[in-house]
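Keep in mind that what you see is a predicted model, and the values were worked out from it rather than measured.
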Amino acid sequence: MIARPQANSLATILAEQNAALLSDWTERLRASGALASGRIREAELQTQCRTVLDLLTTAVAAGLDAASPAYGPLRDMLTDISRSRAVQGFTPTETATFVFSLKQPLFDALSTTKGVDSDTLARTIWDVTLMLDALGLHTMEAFQKTREETIIRQQREIAELSTPVVKLWDGVLALPLIGTLDSQRTQVVMENLLESIVAQTAEIAIIDITGVPTVDTLTAQHLLKTVSAARLMGADCIISGIRPQIAQTMVHLGVELNVVSKATLADAFALALRRIGRTVAPLKAAAREQPAS
């Protein structure tokens, strides 16, 4: 690929005015508040700017197409910077400003170049604008992708923490659910319950939905999937915590769970104990039933 004349001019400017461009760029970043939050130190910001300028100087020698292979190392560097800033809590505007604040120093340097006619200067500035815009968009895409990955990971961790399986008795497990059930969370619930059934050799699993705000047709389907999976593992299920409002809603919707249900977790636990041949009695009553020694 033959480098365009304006690309060669920009490469020369970047090489000859590197120190001035670096100083102007970092000063503009300070003015924009890049260091105000304390999330990044000045030395780190200086290093990032210097590295980006060096990689840009090398890349523009091959042209001003930011999508070309010559810009690969620069794009990788901007991706790393975006990822680190997403983790550090920078805003999208602060992250985009890192690249876009380089425009003015470059335009000023190009404007003072001698021996360049106005038409060539205008074309060069336009090409540089497109190049920096492309790099800025690449930076934002990397930033957004990292933010989305972080949010998804946090949602997964919260879902796992909010679906604990509790051992109530030998062979009896309880799964208290809080919040709305969706497909992703149902998968986590099912995995946690099935793993606990196997680990505890449980015979009965109580799914308590006291903390579930509403039960519609979709929620009922998710519950039935969990119940069916538990049955395949050899454990019966009891659903507890169906409040009057939820019961009325389910009747109006024609939702049928086709599984034993109880109003409270205590009632479900008592039923589970009877099924495994256990009972709970007051201490005094138990003492009266014991034969005298």
Side-chain angles (χ1 to χ4, degrees), residues 3 6-113 124-154:
Q6 49 263 49
N8 290 330
S9 299
L10 181 59
T12 303
I13 291 172
L14 286 169
E16 294 179 351
Q17 302 186 32
N18 183 278
L21 286 170
L22 178 62
S23 177
D24 192 3
W25 186 18
T26 53
E27 184 58 36
R28 291 179 183 277
L29 287 172
R30 290 193 200 95
S32 68
L35 300 173
S37 64
R39 290 186 292 263
I40 185 173
R41 296 183 178 181
E42 184 169 359
E44 183 180 359
L45 181 64
Q46 286 272 1
T47 300
Q48 291 177 350
C49 292
R50 185 180 298 106
T51 303
V52 168
L53 272 179
D54 291 343
L55 292 174
L56 181 62
T57 303
T58 302
V60 298
L64 296 177
D65 181 9
S68 68
Y71 284 78
L74 177 56
R75 291 195 299 269
D76 292 342
M77 178 62 186
L78 291 175
T79 298
D80 292 340
I81 292 175
S82 298
R83 288 184 174 276
S84 66
R85 296 196 170 203
V87 173
Q88 291 169 335
F90 281 82
T91 65
T93 299
E94 290 171 335
T95 305
T97 300
F98 176 76
V99 173
F100 293 139
S101 60
L102 179 57
K103 282 186 177 182
Q104 194 61 53
L106 283 179
F107 293 166
D108 291 344
L110 287 169
S111 299
T112 58
T113 304
T124 303
I125 290 178
W126 176 246
D127 288 341
V128 171
T129 299
L130 294 178
M131 180 262 292
L132 289 176
D133 285 347
L135 293 176
L137 290 174
H138 172 82
T139 301
M140 287 308 303
E141 288 177 357
F143 177 87
Q144 187 65 27
K145 183 178 180 181
T146 303
R147 288 286 293 271
E148 290 174 354
E149 291 173 351
T150 302
I151 292 172
I152 291 173
R153 186 184 69 253
Q154 291 174 343

For a 4.5 angstrom cut-off between non-hydrogen side-chain atoms, does [X] reach [Y]?
{"X": "V60", "Y": "V128", "value": "no"}
{"X": "L53", "Y": "C49", "value": "no"}
{"X": "L135", "Y": "L102", "value": "no"}
{"X": "T26", "Y": "E42", "value": "no"}
{"X": "F98", "Y": "T139", "value": "no"}
{"X": "L10", "Y": "D127", "value": "no"}
{"X": "L14", "Y": "L21", "value": "yes"}

State the [atom1]-[atom2] distance between [X] and [Y], to the nearest 0.5 angstrom.
{"X": "Y71", "Y": "M131", "atom1": "OH", "atom2": "CE", "value": "4.5 Å"}
{"X": "S84", "Y": "F90", "atom1": "OG", "atom2": "CZ", "value": "7.5 Å"}
{"X": "L106", "Y": "W25", "atom1": "CG", "atom2": "CH2", "value": "9.0 Å"}
{"X": "F100", "Y": "L137", "atom1": "CZ", "atom2": "CG", "value": "5.5 Å"}
{"X": "T95", "Y": "M140", "atom1": "OG1", "atom2": "CE", "value": "6.0 Å"}
{"X": "E141", "Y": "L78", "atom1": "CD", "atom2": "CG", "value": "12.0 Å"}

| field | salt bridge (Lys or Arg N to Asp or Glu O under 4.0 Å) evaluation trace for E148 with K145 | value | CA-CA 5 Å; E148 290 174 354; K145 183 178 180 181; over 6 Å; no
| message | Run the side chain to side chain contact (heavy atoms under 4.5 Å, CB included) test on T91 and F143 for me, step by step, so that the C-alpha distance in whole Å, both residues' side-chain angles and the decisive distance to 0.1 Å come before the verdict. | response | CA-CA 9 Å; T91 65; F143 177 87; 5.9 Å; no
If you take all heavy atoms of [X] and [Y], which pair is closest and at what distance?
{"X": "A70", "Y": "A59", "answer": "O-CB, 3.6 Å"}
{"X": "S68", "Y": "R75", "answer": "O-NH1, 3.0 Å"}
{"X": "P73", "Y": "L55", "answer": "O-CD1, 3.7 Å"}
{"X": "R147", "Y": "P92", "answer": "NH1-CD, 4.3 Å"}
{"X": "T57", "Y": "A11", "answer": "CG2-O, 4.1 Å"}

| message | Working note: R85 + Q48, criterion side chain to side chain contact (heavy atoms under 4.5 Å, CB included); need CA distance, chi angles, decisive distance, verdict. | response | CA-CA 12 Å; R85 296 196 170 203; Q48 291 177 350; 3.0 Å; yes
| query | Salt bridge between D24 and R28, side-chain N to carboxylate O under 4.0 Å? | reply | yes
Whether [X] side chain and [Y] backbone form a donor-acceptor pair below 3.5 Å:
{"X": "S23", "Y": "A20", "result": "no"}
{"X": "R50", "Y": "N18", "result": "no"}
{"X": "T58", "Y": "D54", "result": "yes"}

| Given the rule in the side chain to side chain contact (heavy atoms under 4.5 Å, CB included) test, do V99 and V52 qualify, once you have shown the distances and angles that lead to the verdict? | CA-CA 9 Å; V99 173; V52 168; over 6 Å; no
| request: Please test I81 against T51 for side chain to side chain contact (heavy atoms under 4.5 Å, CB included), starting from the C-alpha separation and ending with a verdict. | output: CA-CA 11 Å; I81 292 175; T51 303; over 6 Å; no
| Listed partners of R83 passing salt bridge (charged side-chain N to carboxylate O under 4.0 Å, His left out), at least two apart | E149
